[in-house]
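Excluded from the calculations below are hydrogen atoms, water molecules and symmetry mates; all remaining heavy atoms, backbone and side chain alike, are included. First the proteins, then the strands, lettered A, B, ... as listed; each starts at 1.
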Amino acid sequence: MSRSQYQCIVVGGGFAGASAAIRLAQKGVKTLLVERADEGGAKNLSGGILWGNDLAAILPDWKATLPVERPVSNKKVGFLSENGPAFVIDFHDPALKTQTVGYAVLRAKTDKWLLEQAKKAGVTVVTGVNVEGLAKQNGRVVGVQQSGETTYADVVIVADGANSRLTLQGDLRHGHKKLDMDHYALGVKEILKLPRATIEERFGTGTDGGMAGEFVLGRCDGVLAGGFLYTNQDTLSLGVVINLPSMKNQGELTTHDVVEQFRNHPYIQSLVKGAELVEYGAHLVPEGGYQAFSELCGDGVLVVGDAAGFCFSNGIVIQGMNYAVRSGICAADAVAHAVKVGDFSAVTLAQYERNLESDGIMDDFRNFKNVSKFLWNPRLFQKYPDFLANVFRRMLKAEGPKKKMRAHLTEAMKESGVSKADILRDGLNGGMNL
Amino acid sequence: MSAHSAPAQVPKNVAGGGHGHVAAPDREASPLAKLPKLDVKARLGAAKFVTDGHDFAHITVDPDICDTCPHEMCINTCPAKCFEFVNGRMQFTYEDCVECGTCDIVCTPGSVKWTNPRASFGVNYRYG
């Protein structure tokens, strides 16, 4: 029946593609995974926290064998004022060292491991091959094109990441020929090398814990950006996520300036001082959520992970890798179903969408569909970091008559240009959307 | 926004300015502008690249279309500083590209043509 030795071709060897391929092999579907990097992970970059336990569905022992950096046992959420102050919530829980909720990871290590697991599961893994397009016949996807040749399969799973060329080439973006700037943020990341002992002493993680910090970057210029800092074994992952439309009309300010300014904030500098830069990179963050998904299935094709837009953000965490795993598994199960019934039309493959519903992924995205409007609220970046700094400065000041908290708040609001109505509105919005 | 007759080279290691940019905020007032800077090209030196021969640029720009661009956001947003005006013409340096795709997204006039580098070429993360 098939013109190919493979029933399914998975394009992309990140968390989504590898998970889909492993699941397919486990279900007895003959699967080819094609990765454009010479070695798994070499083209992949993420902020760096893998949340949850979703890999357990396909790799029950993953926690014992995946090369992770450190479990998150300390979470920081902070507001950094442009002129120096930092207001940081600092949650430590030693229990999280063993009852893990998330791990700092580095993709060059994890994704290489994932492709090894795929091979072990029976997937044919080919690296160093760049798929140039989806091959179509009569509007139906029949395989992939590479160097003018077509490799056929009954179904193709597109897992080529946030900057998905295949969904554009294959016309799987609701008619759009370009990714929409409003639905993507830019992540810029540095890897900073620091001796293991220094990390453990400076961050108080111990040998068996780790820190994950997220920060609102207070800026007067209108650029909306958040910063992150994670501890790895003997490196730090430091970076920013920048709202792209807010970079418009910014004169000569660049995205690489923004990450530099974050690194040089006194609070961050105290944590990273002495560290040596060993890598610099960038990656798009598909944070458009529910409104921004690509087409999820067509005749002979499914889209998973970042390529589809399964990247979740609620302000405290950005989660991409775990949704990549889950969407990959949902797609694989739909393909296994299609193999069983011998039909690879969009109607049959729409089982993927039903799997995404029953998995709960769709509910997660529906529940948070307006969150980006709240998160990219200019007041959050331009006013609130200074407001918090002003409140605390006033409370700490011992000179003059003692004032009630309420008076401090009123004065700080005045000084920071924040109104009660703003706080009420943003508080309500946050409450409703977070 | 910026006049193409302006000096071609955007000065490196300078955050402030906004010369000739009407809507640019007053960045000199920002404490961030006064920080010591590390050139992005020096930072990129830390990443490993396998550079393709000059016969294949995976991203191309049409400088004539760039001349019509109202915002030049590629210059601001490219994390690898691959876009700059040289002698008043937009020039793209693909060798430092980290393949993020930002330029394709922000290029509303349609000058940027984006494809993946050929297999085995381009950025090669050791950490990621």
(request) To the nearest 0.5 angstrom, please state how far the CD atom of A/E132 sits from the OG1 atom of B/T115. (result) 8.5 Å
(request) Look at A/L179, A/D180, A/V259, A/T235 and state which one has the largest set of heavy-atom pairs under 4.5 Å with chain B. (result) A/L179
(message) Determine whether A/D38 and B/S120 satisfy the following criterion, side-chain hydrogen bond (donor to acceptor under 3.5 Å, both in side chains), listing intermediate values before the conclusion.
(response) CA-CA 6 Å; A/D38 279 348; B/S120 306; 2.6 Å; yes
(request) Run the salt-bridge test on B/R43 and A/E279 with the 4.0 Å N-O cut-off and return the result as yes or no. (result) no
(request) Indicate yes or no: at least one non-hydrogen side-chain atom of B/T77 is less than 4.5 angstrom from one of A/L244. (result) yes
(message) Run the side chain to side chain contact (heavy atoms under 4.5 Å, CB included) test on B/W114 and A/L168 for me, step by step, so that the C-alpha distance in whole Å, both residues' side-chain angles and the decisive distance to 0.1 Å come before the verdict.
(response) CA-CA 11 Å; B/W114 213 107; A/L168 290 169; over 6 Å; no
(request) Examine distances only and state if a side-chain atom of B/N76 and a backbone atom of A/E252 form a donor-acceptor pair shorter than 3.5 Å. (result) no
(message) Counting only non-hydrogen atoms closer than 4.5 Å, does A/A282 touch chain B with its backbone (N, CA, C, O), its side chain (CB onward), both, or neither?
(response) both
(request) Walk me through it: do B/F121 and A/R36 pass the test side chain to side chain contact (heavy atoms under 4.5 Å, CB included)? (result) CA-CA 9 Å; B/F121 290 104; A/R36 71 186 179 95; over 6 Å; no
(message) If you count heavy-atom pairs within less than 4.5 Å of chain B, which of A/V105, A/T110, A/V278 leads?
(response) A/V278
(request) Answer yes or no: is there a side-chain heavy-atom contact under 4.5 Å between A/H283 and B/E99? (result) no
(request) Report the option among B/G110, B/A119, B/G128, B/A80 that has the most heavy-atom pairs separated by less than 4.5 Å from atoms of chain A. (result) B/G128
(message) Side chains of B/I105 and A/K178, heavy atoms from C-beta outward: is any pair under 4.5 Å?
(response) no
(message) Would you say that B/I75 contacts A/T254 through its side chain, given a criterion of any heavy-atom pair below 4.5 Å between the two side chains?
(response) no
(message) Just so I understand: if I count every heavy-atom pair under 4.5 Å between each of A/E190, A/R107, A/Q146, A/M181 and chain B, which residue has the most?
(response) A/M181
(request) Report the residue from A/V285, A/N163, A/V188, A/L186 that forms a side chain to side chain contact (heavy atoms under 4.5 Å, CB included) with B/C100. (result) A/L186
(request) Examine distances only and state if a side-chain atom of A/K248 and a backbone atom of B/M73 form a donor-acceptor pair shorter than 3.5 Å. (result) no
(request) Would you indicate whether the side-chain heavy atoms of B/Y125 and A/N44 approach each other to under 4.5 Å? (result) no
(message) What's the separation between atom NZ in A/K43 and atom CG in B/N124, rounded to the nearest 0.5 Å?
(response) 6.5 Å
(request) Answer yes when A/R165 and B/D104 have at least one side-chain N-carboxylate O distance shorter than 4.0 Å, and no when they do not. (result) yes
(request) Could you tell me which portion of B/C107 (side chain, backbone, both or neither) has an atom closer than 4.5 angstrom to a non-hydrogen atom of chain A? (result) both
(request) Drop me the distance from B/Y127's OH to A/K109's NZ, to the nearest 0.5 angstrom. (result) 7.5 Å
